[in-house]
Amino acid sequence: MKKPALWLAGLLLTFSVTACSGSGNAPAANDKEAADPTAASQTSTPGEKEKIKFYTFKSNKPEEPAYQAVQAYNQSQDKVEVEYVSLVQNSDSTEFLKKLDVLVAGGEIVDAFMTGNEEELMERASRGVVEPLNSYFEAEGVKPEDEYFKVLKLDGKVYGLMGSATQWFTVFNKKYLDEAGLKLPEMGWTWDDFRDYAKKLTTPDHYGTYFHTWGEYANIIAYTEHPNPQLNADLKPIFDDPSFSYFFNLRRAMEKEDKSVEPYADVLASNYHVLQQFFAGKASMLAVPSYAVRAGLNLEKFPHDFQMVYAPLPRSVDATDVGMTNISGGGLAIGAKSAHKQAAYDFIRWMTKESYKYTQEIPALKKVDGKALLEQFFSENKNLIDTDSLAKTLFDSRNKMPEGTFTVPYGSQLKTIVENSFASYMLDNRKFDDVKAEMTAEVEKVVAANK
């Protein structure tokens with residue numbers, strides 16, 4: 001991932017977990033030692049702060065917002081001290097987790113850590129190295145679904161919280177939109193409308209839109225209007241769903257017939273950043289996660305002078321619920337072997353509620369004034385960011401995740417299958433039904449191997 005205004009690897013090592021580590025117990029302080037045999041080791045010497053380690057892929061620099069948030073937490077109370085442990089300096093979450101996996105396999109005890117996306121967390125939760133959070137919420141008297149637009153769950157257990165939430169939308173180059181005489185689309189516009197806009201926004205100097213090589217771009221509808229982008233609730237492939245043939249054909253038609261999108265072969269060969277062509281003025285609009293907003297302020301990396309304006313994602317042509325979208329985000333989690341689980345829980349809860357004041361990212365919390373946040377974050381950047389259309393897009397009360405949304409630990413493998421199949425469809429000019437049969441067989445193999 002539900003209701004309003006939202007927010008959707010290298011070698012993995014299997015780690016052993018002690019019997020007490022998976023209990024998830026969070027007993028009250030006065031009966032802590034009686035309820036938990038490890039309590040003695042979790043209690044610091046009187047007068048000393050309890051020390052925990054937080055492992056992150058954010059840089060260990062004073063100007064890093066995540067670092068600033070952790071330091072603010074340390075200053076906010078006198079019971080716990082969080083050590084900020086950065087394993088990489090390039091914000092590469094995949095490389096970070098490879099290093100973290102190796103450390104844990106070697107005996108390193110992890111109190112709290114972050115992941116770049118939900119799948120990375122679920123892969124580790126399925127191996128028993130992540131502490132379930134359900135009992136901690138119960139002890140706190142809080143239902144997590146009441147607090148957050150989405151919590152990271154596997155088999156009914158909460159394993160992680162999102163420090164920030166990312167929502168898919170459509171971003172436009174306002175200059176190109178105005179030059180084409182087009183109005184900003186409203187919620188409920190369709191992918192047929194998107195195709196029409198792309199044709200009208202195409203000129204000899206730039207394409208109407210850009211599609212990246214990620215699996216989401218093979219069928220964005222699967223990610224925004226289905227509980228899982230590759231599987232149904234019975235873990236059967238969903239490639240018979242009409243959205244797959246529709247979106248595959250849409251991509252081919254926009255490239256071959258309309259000439260409104262950069263050829264897939266060129267995109268594949270160029271190895272662009274997902275935002276590169278849009279900010280370079282080579283694409284007029286882009287369906288993309290909302291991290292594009294803040295990226296648009298990085299003028300050193302993405303130099304541009306146009307204002308971004310925003311609209312919701314298009315919907316299926318026959319969609320009856322126009323507000324479905326994809327909410328995603330990285331996870332904040334607790335290591336199953338930590339001897340300081342309650343302190344780690346208190347810390348990640350604080351991060352979900354307070355760190356956005358330093359990172360200026362949209363939190364996953366339900367009880368925030370979204371429009372006021374955007375004004376606070378971007379009031380000095382309105383030449384680049386239209387906060388009115390952004391607020392209207394991100395905080396529309398009709399926004400919601402599909403009912404029954406779920407994640408599987410092997411989701412990244414399924415996504416790769418779709419990416420490869422779509423590449424074959426586009427580059428080899430194959431029939432959709434042939435590609436569909438191959439995707440179905442490959443996904444069935446992965447599901448069977450993980451039962």
Exercise for review: Tell me, please, which residues at least two apart from L384 pass side chain to side chain contact (heavy atoms under 4.5 Å, CB included).
Suggested key: L297, L299, H304

Review point. If you look only at pairs with a residue in residues 349-363, which of them pass as a salt bridge (Lys or Arg N to Asp or Glu O under 4.0 Å), with sequence neighbours excluded?
Key: E140-R349, E147-R349, E354-K357

Check your understanding: What pairs of residues pass the side-chain hydrogen bond (donor to acceptor under 3.5 Å, both in side chains) test when at least one of them lies in residues 274-283, not counting sequence neighbours?
Key -> E262-Q277, Y272-Q277

**Study point:** With sequence neighbours excluded, residues passing ring pair (Phe, Tyr, Trp, His ring centres under 6.0 Å) with F432
**Key:** F248

Study note, to complete from the structure: Residues pairing under side-chain hydrogen bond (donor to acceptor under 3.5 Å, both in side chains) where one sits in residues 229-239, two or more places apart or in two chains, turn out to be Y223-Q230

Point to revise | Counterpart residues, salt bridge (charged side-chain N to carboxylate O under 4.0 Å, His left out), relative to K99 (two or more places apart) | key: none

Revision key, fill the gap. Residue set satisfying side chain to side chain contact (heavy atoms under 4.5 Å, CB included) with K445, at least two apart, ordered chain then number -> E442

Review point. Do V418 and M439 come within less than 4.5 Å of each other through their side chains, counting heavy atoms only?
Key: yes

Revision key, fill the gap. The side chain to side chain contact (heavy atoms under 4.5 Å, CB included) partners of D155 (sequence neighbours excluded) come to none

Validation: residues 309-317 side-chain donor-acceptor distances under 3.5 Å, sequence neighbours left out:
| residue | atom | partner | partner atom | Å |
| --- | --- | --- | --- | --- |
| R315 | NE | V322 | O | 2.1 |
| R315 | NH1 | L313 | O | 3.4 |
| R315 | NH1 | M324 | O | 2.6 |
| R315 | NH2 | V322 | O | 2.8 |
| R315 | NH2 | M324 | O | 3.3 |
| S316 | OG | E225 | OE1 | 2.7 |
| S316 | OG | E225 | OE2 | 3.4 |

Practice item. Could you tell me whether the side chain of L201 reaches within less than 4.5 Å of the side chain of N173, counting heavy atoms only? Key: no

Check your understanding: Do K366 side-chain atoms and E145 backbone N/O form a donor-acceptor pair below 3.5 Å?
Key -> yes

Point to revise | Salt bridge flag under 4.0 Å for residues E118 and K150 | key: yes

Point to revise | Residue list, ring pair (Phe, Tyr, Trp, His ring centres under 6.0 Å) with H273, at least two apart or on another chain | key: F302

Review point. What residues form a side chain to side chain contact (heavy atoms under 4.5 Å, CB included) with D178, not counting sequence neighbours?
Key: K174

Practice item. For E186, enumerate each residue passing the salt bridge (charged side-chain N to carboxylate O under 4.0 Å, His left out) test, keeping only those at least two apart in sequence or located in another chain. Key: K392

